[in-house]
Protein chains: 2
Amino acid sequence: MPEVDAIQESLTKETGNLLFHQIRQKESKDIFADYIILIKTVSLKNFTPADKAVHNKKLEKTCRTVLTRLQQAGLRAEIRRGSENFIFVFVICESQRLKREVEMSRIHDWFAGVRKRDIQDDEEESNEPLTDSERLRLIYEIITNPTQEGGAGINPGLGDFDLVESILPLHDDEYNEDWIKTWSTKWIIEKEDLFRLRNHFGEKIAYYFAFLQYYCVWLIAPSVVGIFTWLFLSEYSIFFGVFIVLWSVIFTEFWRRKEYEFAILWGVHNYSRVERRRPTFQEERFVSDPVTGEMKPYFSPWKRWLRRAVAAPIIIMFSLTLSVALLFYYLFEVLMSEYYDGPFREQLIYLPTVAYCALVPTLNMFYAKIARRLNEYENYETESYYEFNLTQKIFISNFLIGYLSIFFIGWIYIPFNDEIGQHFQSFFEIFGLTLKIKHVGPERLMNELKYFVLTAQIMSLFMEIGLPYLLRAGAVGVKKIQRNTTKDGARNEDESTFLKRVRKEAKLPVLFSVIWPLTPVAALINNWVELRSDAIKLCVHTRRPIPCRADSIGPWLENLNLLIWLAAITNPSLLYLYHPTSNAFSSASLMVVMALIFCAEHLLSLIHSLVKQMMLAIPSPADDYIKKQEYEAKKWLLEKKAGKSPVRSRSQSIDTLNLQGTEEYSSELEVSLLHAIHDYKSE
Amino acid sequence: MPEVDAIQESLTKETGNLLFHQIRQKESKDIFADYIILIKTVSLKNFTPADKAVHNKKLEKTCRTVLTRLQQAGLRAEIRRGSENFIFVFVICESQRLKREVEMSRIHDWFAGVRKRDIQDDEEESNEPLTDSERLRLIYEIITNPTQEGGAGINPGLGDFDLVESILPLHDDEYNEDWIKTWSTKWIIEKEDLFRLRNHFGEKIAYYFAFLQYYCVWLIAPSVVGIFTWLFLSEYSIFFGVFIVLWSVIFTEFWRRKEYEFAILWGVHNYSRVERRRPTFQEERFVSDPVTGEMKPYFSPWKRWLRRAVAAPIIIMFSLTLSVALLFYYLFEVLMSEYYDGPFREQLIYLPTVAYCALVPTLNMFYAKIARRLNEYENYETESYYEFNLTQKIFISNFLIGYLSIFFIGWIYIPFNDEIGQHFQSFFEIFGLTLKIKHVGPERLMNELKYFVLTAQIMSLFMEIGLPYLLRAGAVGVKKIQRNTTKDGARNEDESTFLKRVRKEAKLPVLFSVIWPLTPVAALINNWVELRSDAIKLCVHTRRPIPCRADSIGPWLENLNLLIWLAAITNPSLLYLYHPTSNAFSSASLMVVMALIFCAEHLLSLIHSLVKQMMLAIPSPADDYIKKQEYEAKKWLLEKKAGKSPVRSRSQSIDTLNLQGTEEYSSELEVSLLHAIHDYKSE
């Protein structure tokens, strides 16, 4: 491919012979680049010469644009032919440019109220350390921001940059090694570990691990109670059912608080206020901002609601289809594994599983595609809104696939076992086949949950850890300069896949552990392992994610509350149906089940609001921190003002009553300051 | 009573011969005083000389303390023997003292974030007009604040001041006359009217009228639909039932927004942060403030929760007692008016009403007393928390008395009419009496609602307006100087009674108008009249209330939501039971009713959250206002800083890359400012 080589050569010439690692040394570590921009090259073998020329011209134009844009944005770039399919543009940001960006971003944050600390004198400010994640985030913003906002405007796949495959930061192998070593030798991940993680990978990743860790610690209580229940109490223990729902309510409320504290500690509270617009956001028109009068792109929220209203029936239709498909599958499975006794039983027993594997992932992938389209169509302004709504859409299918089997078995299959069997029998008799109807008891439900908790999780663990290792078994021996980059470029699962999986995480099988009290123990072990395996995964098997800010775990918390609600209304009926003393499913009264659901639901919301109220009574250190910052800032301002306020002291001197003079007045100001805080109640 | 005269004389001498209306003239109106402190004197006729001496000594001591304290706090006071039973202390605050207090209070507010506007240069500040309500509120605070905080520490009935009956401001007759004239000649109360009201009476009163007005306007829609339904649709129209619930959800959410806008407009948002402690608050110990390190009184919130936990069963017990009593009364009433046909029917028919009048108000008063005690025991730190919790406690009994009859008739009496009749019959047969069992239909329920809406409201209107006029028929002809004061002192219903009634206002009979579609019309008329009659009442029949701040209508909104929830779950079952085509109450299925309740409830919460979400899409002018204020303040600060920042420009000059110089940098600062706001999203 002499043409490509020629292009590369010319480009290399153009950028000069800068070698980044000569410019900047970061504590003896060689940094090749902050980011690498990957530009796709196509294999030219089957091209006609004309096509080749067109393609090469396009490639050259893209490369030139990328380089010019980067230079205009104040970044340094170097271009290399990286591998067979990619041209690498190494991007580095020099400290002066970075410093300017940092100052800007901090003023920016402070204006929007994300930064609680006042912008103090400049000396102090520059002493504030710059974390790895902040540096990478800011540089990424320079690369992707529109040119009119001082960025390079390079967004992979968009506009002029459809040949740009991606923009990726390099892994810091030393950090990664250290991280994995620390975490794999520790029982409990501490606040400092999470803080380090946040400094390196950004808040979004840190929140994920923080939640896993918090959940892990909280699982200890139900695990202990679960083991106790399993050993000493009856099956379907009412005590355990009540305990689990209470525990989960308290857990989510404590997490809500913890999440808030992290947001304050990490300085990302309300960060979405300064979030930049998504590159694919399409404004309807420009309107003037009511505050500044500046023109800004605008998309009517009503139009968005209209689009949502279009999306809703599609989503509902799909959910129904999926539910029906799943129910048919469950029936089919029950038929084959339990009732069917005809010819080819040995072979046919695997048929449902095959059908499931063929059907469900396809449906799910199809839905994910639709959900993504719809979400794009709803045209959200920022990544966090986009992400939130996509997560909610995806949650629906994950939820159905995850939990429908338990409802099916608990509420349909076991109670109506005989009826279902007879229906099948009368159907099969047409073909001259007979069925044997076995009686099933509550243990069937337990087995389902056991499968759900154990088998599925072990499987997924293998898929996550083992498989990538096996797949990458051959990749060894590459040139030194390409080692990092090739490894990053060649990673089959990129970080978005990781985050996609994260999105599915909001599972709380523990809520149904009244069926099998050891569920929390299994979940505890699984989470403990996952916390560490995910760390490995992030370091070894995925590209380094671009640091993102986040001030929560997104909509999971709401989804967890949904699951709790579901658990609170299902657990009582499961207890009623399957508790040894009642064992009501022969004479089950729908009436009683409904009354139970009604009571449980309202009891739950009562308890939930009580817990919430009571949580408000605990003063949060995060709130104190905010108050202190605000107080300091205002005090500083007021002192400055009081120091040079001739008007005030003049008006004081007119005083004829026994009012204090200027000096006393300013001390009174101090008192009022103290007083203001002294009465300063939390909302 | 020569002793008292002597005291008065001596006191008069002591305070000198200041005549306030010579000191201050407010636009040609004579102001006698800002406040009048009433000190009780007891009729000494039946006292022994020793007792007289003790009493007089105490009285003198009180008067002296009051005067000294007022003087120490920088207020002027004049003392007069006002009427038979009271000594009047006229209090006036001179403009210098007031000005200081205003400045303090504004700094105070600004520190706590109540005041959104920055404290700008002093000249501007003093130009901000001081409203009547703010003036009175601040002076009241000077009078009641503890001495160590610069106040006079005079709290009626507490500590040394048990002889102090009350502290009251005088009515501004001119304003009142003008107000009543304006409102009684206007169909719709405008924003400006409410603003004037707020400036005169304070935010709490203004919120009450603002809500009434808003409710009034919103009632037009259901009135029109109600008339249409009444004319053209069947009884128990499903369409109307759905409409009313939807309407009420949207109404409360719009009011929530309106309430917030008023809070911003009136500058009282989050005012509770600077609320002073209640004088009766009892601290457990003093703890140091985490923000300022200052010592402040503290009462453990856990202890408060413990006390609440003690209070809860008492309240529940009482509610049950009241419910049972009411149910017995309803049964008794039904028995007498419908079934009973024996001797003395004519006379006995009034027995239930007599029993009700004897029983219910007594029970209610008893409960109110208990609720007040419990609330005091819970030891809330500020008046607004105290008020909130008291309102919630009182709401329970008001709710039961108001709505239980509808549930009784709709769910028990009509469906089980025959059964109830037969029970009574078999009971009465013991005494040899017979009953005739009449069949009752849905019209009985309508009558009840009609009574509830019409008769009760007309009655209460008479009690509010007519009765006080009749009672005060004789009070004419008093000395000029005592005219205002006597009138104020002698008003049998003081402003707290008015506010007590306000507390009961959270009625929304409209929610049950599926029973009788003209309910909204009746409510509309009633509210329209009440809005005006309450204005008269406030001006003529009550003392002028001390201006209070408020940033909402308190817990009513939550209570309204409770009522909506109740309506949403009852309406479907009422429709099912009484709709002409189903008319199910002979073959009513409890199953169907429960399923209906379940569905309606969840549909409601779905719709409610949707409406809430959609409301967020409408940008609120109040939010823009806050943003603008914050933006201005920060811009001002930043500009000031940028103007004198040699450090920054020095660090810039080191630049070797193509970075802008100092000048361009500061313009870039401007860009970042604009940019910050440009991305500034509402939370």
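Chain letters run A, B, ... following the sequence lines, proteins first, then strands; residues in each count from 1. This one's a predicted model, so the numbers in the text were calculated from it and none came from an experiment.
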query: Could you give the distance from CG (B/L610) to CZ (A/R308), rounded to the nearest 0.5 Å?
result: 8.5 Å
query: What distance do B/F598 atom CZ and A/I569 atom CD1 have between them, rounded to the nearest 0.5 Å?
result: 4.5 Å
- line: Heaviest contributor of heavy-atom pairs below 4.5 Å to chain A, chosen from B/M614, B/K628, B/M594, is B/M614
task: Identify which of A/S300, A/P621, A/P301 forms the greatest number of heavy-atom pairs closer than 4.5 Å to chain B.
output: A/P301
- request: Would you indicate whether the side-chain heavy atoms of B/E601 and A/H602 approach each other to under 4.5 Å?
  value: yes
